[in-house]
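These notes are about the structure you will find just below.
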Amino acid sequence: MGLNTTIADNKGWNLAVSIKDVNKWYGTHQALKDVSLDVESGRRVVVCGPSGSGKSTLIRCINGLEEFQKGDIVVDGVPLRPDMRGVERIRENAGMVFQQFNLFPHLTVLENCTLAPVLVKKVSKIAARETAMKFLEKVRIPEQANKFPSQLSGGQQQRVAIARALCLMPKIMLFDEPTSALDPEMVNEVLDTMIELAGEGMTMVCVTHEMGFARKVADSIIFMDAGAIAFSGTPDEFFNGNDNARVKDFIGKINHA
Ligand SMILES: Nc1ncnc2c1ncn2[C@@H]1O[C@H](COP(=O)(O)OP(=O)(O)OP(=O)(O)O)[C@@H](O)[C@H]1O
Ligand SMILES: [Mg+2]
């Protein structure tokens with residue numbers, strides 16, 4: 001990325017995320033069933049699986065956007081209880097990027113990036129702007145700083161969303177299908193940004209069906225089915241070495257999409 005910005009000091013092998021026996025219900029519908037997952041610092045986990053299998057629910061539980069009813073989630077050593085104690089600290093440590101960008105439409109790109117650092121982290125406005133410009137350079141759109149989100153392409157907006165998340169200096173980045181709302185020609189600019197982040201050692205949990213990305217950066221691939229983790233392994237095990245019928249069926253469908 002050409003810019004010497006340290007994103008996170010997470011080269012160690014401590015656990016960035018520890019999820020143990022998490023169960024989550026929406027009313028009577030059980031969306032997560034005894035889900036357990038450890039993510040070591042500096043590792044990249046790709047989460048895939050059919051629609052409705054609980055991928056978004058899982059990732060949203062990790063940073064407290066959804067409550068869960070049973071189990072334990074610990075993010076960078078901070079426990080998140082089912083009653084949501086610990087949620088503020090966890091949100092500071094975990095940056096989130098959504099499918100629909102979720103930028104504030106009435107704020108400029110720069111203001112989108114400085115709002116939370118100033119309000120939540122009490123960073124001075126000058127320092128927040130300086131950091132924001134560094135990360136906008138990192139995602140290669142510093143020249144868009146004073147525009148509004150509606151004046152940007154989808155790919156540019158998503159890169160702003162990534163820069164905005166990085167401005168909080170997260171220990172881990174969570175992505176929920178960050179490229180699926182993009183026109184095809186913009187997918188790669190966002191994936192390239194994510195690949196570069198991975199190359200710098202950022203801990204990442206990505207819900208995505210971009211299997212080229214998964215092959216390139218994932219340390220492990222999680223396949224979810226009906227609220228449970230049905231398969232977990234290396235990309236090689238996922239693509240070549242497993243006889244899980246559902247995984248095979250899923251890969252077949254993706255390859256023919
Ligand atoms: N707010 C909600 N209220 C009730 N049920 C919900 C809610 N959000 C999700 N669900 C249900 O929980 C299950 C898991 O949903 P989730 O969004 O986690 O799936 P997903 O794997 O992310 O699917 P997709 O690939 O379509 O994004 C689905 O059956 C869904 O209908
Ligand atoms: Mg989803």
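The first residue in the sequence is number 1, and the count goes up from there. Just so you know, these numbers use all the heavy atoms, side chains as well, and skip hydrogens, waters and symmetry mates. First listed ligand is number 1; within each ligand, the first listed atom is number 1.
- Distance remark: protein heavy atom present below 4.0 angstrom from atom 21 (O) of ligand 1.
- Distances shorter than 4.0 angstrom do not occur between any heavy atom of G49 and any atom of ligand 1.
- In this structure, R44 contributes its side chain and D219 its backbone to no donor-acceptor pair below 3.5 Å.
- Closer than 4.0 Å to atom 30 (C) of ligand 1 lies none of the heavy atoms of the protein.
- Using a 4.0 Å cut-off between heavy atoms, A31 contacts ligand 1 through its side chain alone, with no backbone atom that close.
- No side-chain donor-acceptor contact under 3.5 Å links K147 to the backbone of L152.
- Using a 4.0 Å cut-off between heavy atoms, H29 contacts ligand 1 through its side chain alone, with no backbone atom that close.
- A distance-only check finds a donor-acceptor pair linking the side chain of K33 to the backbone of A226 [under 3.5 Å].
- Which parts of ligand 1 touch T57 is read off a 4.0 Å heavy-atom cut-off, strictly below it: atoms 14 (C), 15 (O), 16 (P), 18 (O).
- The cationic group of K248 does not satisfy the cation-pi geometry with F250, failing either the under 6.0 Å distance to the six-membered ring centre or the 45° limit from the ring axis.
- Scanning the protein for heavy atoms near atom 26 (O) of ligand 1, the closest one is S51 OG, 2.6 Å.
- The atoms of ligand 1 that sit less than 4.0 Å from any heavy atom of G54 are 14 (C), 18 (O), 19 (O), 20 (P), 21 (O).
- With a 6.0 Å cutoff to the six-membered ring centre and a 45° limit on the axis angle, R246 does not count as a cation-pi contact of F231.
- Look at G27 and you'll find every heavy atom at least 4.0 Å from all atoms of ligand 1.
- Between Y26 and H29, the ring-plane angle classifies as parallel under the 30° and 60° cut-offs.
- For atom 25 (O) of ligand 1, the nearest non-hydrogen atom of the protein is K55 NZ, 2.7 Å.
- None of the N, O or S atoms belonging to Q99 lies under 2.8 Å away from the Mg ion (ligand 2).
- Using a cutoff of 4.0 Å between basic side-chain nitrogens and carboxylate oxygens, R140 and E196 are scored as salt-bridged.
- Side-chain atoms of Q30 never come within 3.5 Å of backbone atoms of N23 as a donor-acceptor pair (strictly under, hydrogens ignored).
- Ligand 1 is approached by E177 to a heavy-atom distance shorter than 4.0 Å.
- No donor-acceptor pair closer than 3.5 Å links the side chain of R164 to the backbone N or O of N112.
- Nearest to atom 8 (N) of ligand 1 among the protein's heavy atoms is Y26 CZ, 3.3 Å.
- Which of C61, G52, S56, A226 comes nearest to atom 17 (O) of ligand 1 through a heavy atom is settled by distance: it is S56.
- Close approach of ligand 1 to P50 (heavy-atom distance below 4.0 Å) involves ligand atoms 21 (O).
- A distance-only check finds no donor-acceptor pair linking the side chain of T203 to the backbone of I172 [under 3.5 Å].
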